[in-house]
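Working notes for the structure below.
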Amino acid sequence: MLIAWHAWARRSFPWRADGASLYVKILVEVLLQRTRAETVARFLPGFLDRFPSWAELAVSDERALGEALKPIGLWRRRAAPLHSLALAVVESNESWPIDRESLEALPAVGQYIANAILLFVHGQRQPLMDASMARLLRRYFDLCPQKADIRHDPVLHETAYKVLAEGDAVELNWAMLDLAAMVCLPRNPRCEDCPLKRTCRYRLHCKKMGTN
DNA sequence: AATACGGGGAG
DNA sequence: CTCCCAGTATT
């Protein structure tokens, strides 16, 4: 069982803590883009020291924000959109849209972060569909991706919604992300250590055809 | 459908 | 040294 495994193997991050603010939860999703969670975990305290809220972020100098983001990379890519997002959030008095179209119209918000907002802000059963969750689902269910872009792959998303249909959607998301990050690795997956190895379709596929 | 963005960690 | 990382915006 995925949740049973996660109960003892779960990774602990500041933004997963009970007291984590909505600001921290959404902000980190921007910081986590193409960036290891452990890297963000180390970087976050100092960043929050300087930018503790949407308001502080909104009134900050964009160049200074870029400088602050340098240690985790993609700083030029993140600074402007993040600053614009902060302005929009303050302008709306921190009330988040509930429809996907409005959310994805926000700066720095794409398919993934829109789902994160629907999950964390509105409590909807939405998948945090990143590259690693896509890999996990593709392997476990032996899926053939319809699209090169995981964000618009109906098979991946339908499968994810089925997984999230029952139980704690947030915990299930974290469990899948953690399993993908620690066991279902991109190159050398540790299948022998996997809690799902009994039912995973990837093991057979793996032994017959090698890696993928 | 491809690419750029980016510093840092793991093998 | 190469590959990959809780993606997004642009071409």
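Atoms considered below: every heavy atom in the structure, side chains included; atoms not considered: hydrogens, waters and symmetry mates. Chain naming here is simple, since letters A, B, ... match the order of the sequence lines and numbering starts at 1 in each.
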Suppose we screen for side-chain hydrogen bond (donor to acceptor under 3.5 Å, both in side chains). Which residues come up paired with A:Thr199, at least two apart in sequence or across chains?
A:Tyr140
Answer with base, sugar-phosphate or nothing: what part of the nucleic acid does A:Ala108 contact at a heavy-atom distance below 4.0 Å?
sugar-phosphate
Of all of residues 9-42 of chain A, which get a heavy atom below 4.0 angstrom from DNA chain C, listed by number?
A:Arg11, A:Phe13, A:Trp15, A:Arg16, A:Glu29, A:Leu32, A:Gln33, A:Arg34, A:Thr35, A:Arg36, A:Ala37
Using atom P in both nucleotides, what's the gap between B:dT3 and C:dC4 to the nearest angstrom?
15 Å
Are A:Arg138 and A:Asp153 close enough for a salt bridge, meaning some N to O gap below 4.0 Å?
no
How far does the C1' atom of B:dG9 sit from the matching atom of C:dT8, given to the nearest Å?
23 Å
Pairs meeting criterion side-chain hydrogen bond (donor to acceptor under 3.5 Å, both in side chains) with involvement of residues 21-31 of chain A, two or more places apart:
A:Glu29-A:Tyr112
Where is the tightest heavy-atom contact between A:Leu106 and A:Ala88, given as atom of each residue plus distance?
CD2-CB, 4.1 Å
A:Pro107 or A:Ala181, whichever maps to the more 5' nucleotide of DNA chain C:
A:Ala181
Contact residues, residues 112-127 of chain A to DNA chain C [heavy atom, < 4.0 Å]:
A:Tyr112, A:Ile113
Could you list where the contact with chain A starts and ends along DNA chain C, reading 5' to 3', using a 4.0 Å heavy-atom cut-off?
C:dC3 to C:dA9
Tell me the closest heavy-atom pair linking A:Ala58 and A:Val90, and the distance in Å.
CB-CG2, 3.8 Å
Report yes if the side chains of A:Trp15 and A:Leu32 come closer than 4.5 Å at any heavy-atom pair, otherwise no.
yes
Check the pair A:Met182, A:Asp193 against side chain to side chain contact (heavy atoms under 4.5 Å, CB included), reporting the backbone distance first and the verdict last.
CA-CA 10 Å; A:Met182 297 187 283; A:Asp193 299 328; over 6 Å; no
Taking 5' to 3' order, which nucleotide of DNA chain B is first and which is last to have an atom within less than 4.0 Å of a heavy atom in chain A?
B:dA1 to B:dG9
Nearest-0.5 Å distance, CG of residue A:Asp142 to CG of residue A:Leu137:
12.5 Å
Which pair of non-hydrogen atoms, one from A:Pro14 and one from A:Ala20, has the smallest distance, and what is that distance?
O-CB, 3.8 Å
A:Trp174: ring pair (Phe, Tyr, Trp, His ring centres under 6.0 Å) partners, not counting sequence neighbours:
none
So, taking the atom named CG in A:Leu179 and the one named CG in A:Leu185, what distance separates them when rounded to the nearest 0.5 Å?
9.0 Å
Of all heavy-atom pairs between A:Arg50 and A:Ala64, which one has the smallest distance, and what is that distance?
NH2-CB, 3.8 Å
Heavy-atom contacts under 4.0 Å between residues 51-87 of chain A and DNA chain C, which residues?
A:Arg77
Which atom pair, heavy atoms only, marks the closest approach of A:Ala80 to A:Glu62?
CB-OE2, 3.3 Å
Give me each pair satisfying side-chain hydrogen bond (donor to acceptor under 3.5 Å, both in side chains) with a member in residues 115-129 of chain A, each pair once, sequence neighbours excluded.
A:Arg100-A:Asn115, A:Arg100-A:Gln126, A:Gln111-A:Asn115, A:Gln124-A:Gln126, A:Gln126-A:Tyr161
Taking the same atom, C1', in B:dA1 and in C:dA6, what whole-Å distance lies between them?
23 Å
Separation between the P atoms of C:dT11 and B:dG6, rounded to whole Å
16 Å
Nucleic acid contacts of residues 98-105 of chain A, taken as heavy-atom distances under 4.0 Å to DNA chain B
none
Pairs flagged by side-chain hydrogen bond (donor to acceptor under 3.5 Å, both in side chains) wherever residues 75-96 of chain A is involved - sequence neighbours left out:
A:Thr35-A:Arg78
Taking only distance into account, with no hydrogens and no angle test, what donor-acceptor pairs under 3.5 Å do side-chain atoms of residues 39-49 of chain A form with protein atoms, sequence neighbours excluded?
none

From CD1 (A:Ile3) to CG (A:Asp168), nearest 0.5 Å:
7.0 Å
Membership question, hydrophobic clusters at under 4.5 Å side-chain separation (ILVMFWY): are A:Val59 and A:Leu57 in the same one?
no
Whichever of A:Leu106 and A:Leu177 has the more 5' nearest nucleotide on DNA chain C, that residue is A:Leu177
